[in-house]
Amino acid sequence: MLTTKPRGTNDIMPADISKWYYLENVLRRVAKQYGYSELRTPVFEHTELFQRGVGETTDIVEKEMYTFTDRGNRSLTLRPEGTAPTVRSFIENKLYADPQPTKLFYLGPMFRYDRPQAGRYRQFHQFGVEAIGSCDPGLDAEVIAMAMDIYSRLGLKDLTVQLNSVGCPQCRPVHREELQKFLADKKDRLCPTCQGRFDKNPLRILDCKSKECQNLTAGAPAIAELLCDDCRKHLTKVQDYLQAFGIPFHLDPNLVRGLDYYTQTAFEIAARGIGAQSSVGGGGRYDGLIEQCGGPAIPGIGYALGLERILLTMEQQGITIPTEAKAQVFIAALGEKAQLQGAVLAQKLRQKGLVAERDYLDKSLKAQLKAADRLRVQYTVIIGEDELKNKQALVRDMNDSAQIGVLLDKLESYLAEKIGRGSNE
Ligand code: AMP
């Protein structure tokens with residue numbers, strides 16, 4: 001136990017961290033270009049927020065939450081998603097008093113007691129955006145376009161956008177009734193979970209993973225056929241904008257997302273041919289959520305993507321992420337006096353903005369040069385007793401192995417000029 005991580009979690013190792021930095025940089029840059037500011041909420045919240053915000057009959061709330069009682073006897077839950085916490089913070093900090101819409105993004109770990117497999121973990125990372133305060137269908141399309149923009153900048157190919165409308169409090173009850181009528185004589189054959197959903201939330205039956213339930217719901221009335229005028233118009237406008245943006249999409253009348261708060265626009269983006277966990281992101285509109293969580297009646301739309309899933313898809317599609325050299329200069333010092341000089345030089349170079357590394361294990365010159373090679377540095381500074389006597393060091397260009405002597409007090413400026421200040425920052 002002491003040396004194994006909990007099931008479904010991952011160590012992000014130093015060898016992989018540059019991929020994460022790269023991805024996070026792209027996400028932050030795109031978010032900024034589309035006008036979203038970062039919000040960092042706590043990793044745990046009051047359990048009630050998710051029960052109310054995500055929905056009692058969702059898989060997440062029914063069986064996937066990491067819920068615990070703290071020492072003050074409060075029920076808390078590690079956040080399984082980012083929308084409810086964002087909405088909670090939006091209300092608590094009265095961001096609705098600012099000019100609308102409020103555009104927020106988050107990036108961080110989420111927790112779900114899911115069955116772990118490739119691309120599905122119990123702790124995973126999501127990037128998500130929430131635009132609160134506008135019901136403009138152009139914003140729905142823009143959120144989808146932003147997601148596609150992110151994927152294309154990362155080089156991802158073969159993505160499909162599935163789009164649907166899940167209706168609103170006006171037309172959803174009609175669909176619910178039709179669905180119950182359709183399933184009434186099949187109810188006994190539904191899985192136990194769906195039998196429970198039949199009265200509480202029959203729409204979720206359409207999203208069941210069981211083959212038997214999927215067979216029983218084949219041919220069920222689709223919400224898309226029963227939309228009210230407002231919802232139908234909204235969906236048409238979202239499509240108009242998507243077409244104008246040049247984003248191909250498929251209408252999927254059976255798309256219902258795993259969270260209850262969605263109204264109207266619901267969408268999912270999947271990568272073709274990467275296996276079971278093909279969803280690389282999804283989102284939708286949640287016009288009732290802010291009010292349901294105790295805030296004013298204002299609409300919102302959001303989207304989330306999984307970072308592990310994106311990195312996995314990039315790997316499967318053969319996209320390589322450029323990795324940086326670990327250091328720019330290596331200082332190979334031989335003997336006690338030279339080691340002291342070398343340590344001081346490393347400090348000075350770092351303070352000048354360069355990335356400098358040195359030997360701490362009293363290795364031979366050959367072994368130190370090997371270490372420098374492994375770090376892919378541009379220059380190695382060699383300081384030995386002889387060099388010290390002449391108050392100079394050898395600077396070796398690792399590209400062509402050419403070596404020249406440089407006076408110790410000129411080393412910093414020589415290297416800074418050669419490398420360019422801060423170029424590895
Ligand atoms: P959701 O919040 O369920 O709509 O999920 C949004 C995105 O988060 C999905 O498209 C996945 O990319 C990612 N995701 C969801 N659940 C997991 C999980 N258990 N492990 C890894 N990624 C996940």
Side-chain angles (χ1 to χ4, degrees), residues 31 36-70 74-96 100-114 122-135 140 143 166 168-169 172 200-201 203-204 207 256-268 279 281-307:
Y36 289 81
S37 308
E38 183 167 2
L39 170 71
R40 297 189 189 181
T41 61
V43 162
F44 56 84
E45 296 273 355
H46 293 122
T47 302
E48 210 188 327
L49 173 69
F50 300 113
Q51 287 169 334
R52 192 94 77 80
V54 178
E56 295 276 10
T57 55
T58 57
D59 280 356
I60 290 183
V61 172
E62 276 180 343
K63 44 190 192 202
E64 294 175 2
M65 294 207 300
Y66 277 94
T67 297
F68 60 97
T69 307
D70 77 356
R74 300 170 196 92
S75 179
L76 299 170
T77 294
L78 296 183
R79 61 178 184 198
E81 57 93 58
T83 302
T86 302
V87 164
R88 194 264 313 136
S89 177
F90 173 85
I91 300 168
E92 189 170 349
N93 294 292
K94 301 191 174 57
L95 297 187
Y96 47 78
Q100 298 295 302
T102 303
K103 290 159 112 186
L104 303 167
F105 82 88
Y106 57 82
L107 205 171
M110 303 292 161
F111 306 85
R112 293 184 196 173
Y113 193 81
D114 228 332
R122 291 183 173 169
Q123 175 174 338
F124 59 99
H125 295 77
Q126 277 189 344
F127 163 83
V129 302
E130 313 291 350
I132 305 174
S134 162
C135 52
D140 303 28
V143 167
V166 293
C168 69
R172 213 141 36 165
K200 283 194 279 179
N201 191 354
L203 190 68
R204 305 264 321 127
D207 200 28
V256 288
R257 305 249 314 129
L259 305 95
D260 272 357
Y261 48 61
Y262 289 110
T263 51
Q264 298 189 326
T265 309
F267 65 93
E268 201 141 316
S279 166
R285 186 161 269 292
Y286 45 80
D287 290 351
L289 180 64
I290 293 130
E291 195 176 14
Q292 200 174 313
C293 290
I298 39 179
I301 166 120
Y303 156 81
L305 62 78
L307 273 72

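Predicted model only: the values in this text are computed from it and were never measured.
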| task | Could you go through the side chain to side chain donor-acceptor pair (under 3.5 Å) check for Thr102 and Gln100 one step at a time? | result | CA-CA 5 Å; Thr102 303; Gln100 298 295 302; 3.2 Å; yes

| said: Evaluate Glu130 against Thr83 for side chain to side chain donor-acceptor pair (under 3.5 Å), listing each step before the verdict. | reply: CA-CA 7 Å; Glu130 313 291 350; Thr83 302; 2.7 Å; yes

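Two residues are said to be in side-chain contact when any heavy atoms from C-beta on lie closer than 4.5 Å; Leu307 and Phe124 fail this criterion. No side-chain heavy atom of Cys168 sits less than 4.5 Å from a side-chain heavy atom of Asp287. Val43 is listed as a side-chain neighbour of Arg79, based on a closest heavy-atom distance under 4.5 Å. At least one side-chain heavy atom of Tyr96 sits less than 4.5 Å from a side-chain heavy atom of Lys94. Taking 4.5 Å as the limit, every side-chain heavy atom of Leu95 sits out of range of all side-chain heavy atoms of Ile132. A heavy-atom distance below 4.5 Å is found between the side chains of Val143 and Tyr36. Using a 4.5 Å heavy-atom threshold, the side chains of Tyr66 and Pro80 count as separate. Within the 4.5 Å cutoff, the side chain of Asp114 has no heavy atoms near those of the Asp59 side chain.
Panel note: side chain Arg52, backbone Gln292; a donor-acceptor pair is recorded below 3.5 Å. When atom types are taken as modelled, the side chain of Thr47 and the backbone of Ser75 share a donor-acceptor pair closer than 3.5 angstrom.
Across every non-hydrogen atom of Ile91 and Gly295, the tightest pair is CD1-N, 3.5 Å. Counting all heavy atoms, side chain and backbone alike, Ala266 lies closest to Val166 at CB-CG1, 4.0 Å. The two residues Arg172 and Leu203 come nearest to each other via the heavy atoms NH1-CD2, 3.8 Å. Contact detail for Gly300 and Ile290: the closest heavy-atom pair is N-CD1, 4.4 Å. Shown here for Pro299 and Arg285, the closest heavy-atom pair between the two residues is CB-NH1, 3.7 Å. For Tyr106 against Leu39, the heavy-atom pair with the smallest separation is CB-O, 3.7 Å.
Note: Asp140 CG to Ile301 CD1 = 3.5 Å, rounded to the nearest 0.5 Å. Annotation: the span from Gln264 atom CD to Tyr286 atom OH amounts to 13.5 Å, rounded to 0.5 Å. Atom-to-atom distance recorded for Thr77:OG1 and Ile60:CD1 is 11.5 Å, nearest 0.5 angstrom. For the atom pair CD of Glu56 and NZ of Lys200, the computed distance is 8.0 Å after rounding to the nearest 0.5 Å. Rounding to the nearest 0.5 Å gives a distance of 13.5 Å between CZ of Arg112 and CZ of Arg122. Taking CD from Gln51 and OG1 from Thr58, the interatomic distance works out to 10.0 Å, rounded to the nearest 0.5 Å.
Annotation for Glu48: atom CD does not count as buried by contact number, only 12 or fewer foreign heavy atoms lying within 6.0 Å.
Aromatic ring pairs are classed by plane angle as parallel below 30°, tilted from 30° to 60° and perpendicular above 60°; the pair Tyr303 and Phe267 is parallel.
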